Amino acid sequence: MSDLSHLETSLIEAVNAAASEAALEAVRVTALGKKGSVSELLKTLGSMTPDERKERGPLINGLRDRVAAALADRKATLQEEALSARLAQERADVTLPVQEGPQTRGRIHPISQVIDELTAIFADMGFAIAEGPDVETDFYNFTALNFPEGHPAREMHDTFFFSPDAKGERKVLRTHTSPVQVRTMQGQKPPIRVICPGRTYRCDSDQTHTPMFHQVEGLVIDRSAHFGHLKWILEEFCKAFFEVPNVKMRFRPSFFPFTEPSAEVDIQCARKGGDIRFGEGEDWLEILGCGMVHPNVLRNVGLDPDEYQGFAWGMGIDRIAMLKYGMPDLRPFFEADARWLSHYGFRPLDLPSLAGGLSV
Ligand code: DAH
């Protein structure tokens, strides 16, 4: 039928001429849409005599099927062409050098790294983390820790005092993390096993002292916690932290108002040139203070010293960071110099763990 073959030729031409999927859709609507030319033809079948329908039916349906097939073909071709064009345009040059993103260029400060390391070690021994405020009352920083009023030990700390408030109370920047011991014992019942890392402040500045520095406090309170446990914990800590199979430690008698007996702890090391090695050598390096919690401190927080006892220690985080990572001067730690940080800092995604390594 020439009318049908004419229509078919023009529709197929239009299909093949469509240069985009939108243009193709427009052709589809003019042919197969509700009012499309082919749809209109299909509608005429209803009013035909059976004989006419027998003849025209297959012709019109055949036309519809061929136009639909041509539309589908053209659509697939257009999609393929679009994909190839995109692939050609978005080609990556794999020979270019890798550009580091901000996540890989950033560095973790050695203090944060060392806090993560010691947290991993003590968490493995069952310690929880406790924290307290940097601005402390005289009570928590001194009195509750058994520093008598006017005792020279208060002066030893080079304390930063705030001006007296309306009640005449002089707050302080905490001079050590030991007040967190008191807050922890007030806030929870024994058995207690916590470490308290945090910022501390003293009016002091030279190569190995800065007015703001960091300590980590440890506290264990139980019915039978004793000095032997303390020694074992510190020894295990030092081996894990300095990543050596053995350390030799020396406990020297000392004095702190909040412990009795008290000791300062040195670890054995070898100094070769500017290098320090742990677990060998003839030198001793002081790394922490410790002792059995003084009965007065227990009483001050409402614990009965006849029922409970325990031990505590305090360690300079900056100091052990300098020792482990061979940094000779403490002051640049807090100068926010990006060059120092890119040299001494740690990769952000290398999280320290006992299983995966502390300082990989
Ligand atoms: N608070 C002490 C200081 O700042 C360190 C310290 C010593 C803490 C002995 C303790 C301890 O818990 O038992 O120098």
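In listed order, ligands and their atoms are each counted from 1. This structure is a prediction, so every number in the text was calculated from the model and none was measured.
Which parts of ligand 1 touch Gln215 is read off a 4.0 Å heavy-atom cut-off, strictly below it: atoms 3 (C), 4 (O). Atoms of ligand 1 found under 4.0 Å from any heavy atom of Ser178 (numbered from 1 in listed order, with element): 1 (N), 8 (C). Close contacts of ligand 1 with Phe256, meaning ligand atoms under 4.0 Å from a residue heavy atom, involve 7 (C), 9 (C). For ligand 1, the atoms lying closer than 4.0 Å to a non-hydrogen atom of Gly291 are 13 (O). Of all the atoms in ligand 1, the ones that sit under 4.0 Å from a non-hydrogen atom of Thr259 are 13 (O). Residue Gln181 approaches ligand 1 through these ligand atoms, each under 4.0 Å from one of its heavy atoms: 12 (O).
Atom 5 (C) of ligand 1 has Gly314 CA, 3.9 Å as its closest protein atom, hydrogens excluded (heavy atom only). In this structure, the protein non-hydrogen atom closest to atom 2 (C) of ligand 1 is Phe258 CZ, 3.8 Å.
The six-membered or imidazole ring of Tyr201 lies away from that of His214, with a centre-to-centre distance of 6.0 Å or more. Under the 6.0 Å cut-off for aromatic ring centres, Phe227 and Phe311 do not qualify, their centroids lying 6.0 Å or more apart.
In this structure, Thr177 contributes its side chain and Pro197 its backbone to no donor-acceptor pair below 3.5 Å.
Electrostatic pairing of Arg56 and Asp3 counts as a salt bridge here, judged by a charged N lying under 4.0 Å from a carboxylate O.
Side-chain contact check for Thr200 and Gln215: no donor-acceptor pair (N or O, by modelled atom type) lies under 3.5 Å. No donor-acceptor contact under 3.5 angstrom links the side chains of Asp318 and Thr210, judged on distance only.
Nearest-heavy-atom check against atom 3 (C) of ligand 1 across Glu217, Arg202, Met315 picks out Arg202.
Under 4.0 angstrom from ligand 1, the non-hydrogen atoms of Trp313 all belong to its backbone.
Among the atoms of Gly289, none of the N or O lies under 3.5 angstrom from an N or O of ligand 1.
By the rule that hydrophobic residues join a cluster once side-chain heavy atoms approach within less than 4.5 Å of another member, Ile287 and Val114 end up as members of one cluster.
Relative to the six-membered ring of Phe242, Lys324 misses at least one condition, a distance below 6.0 Å or an angle of at most 45° to the axis.
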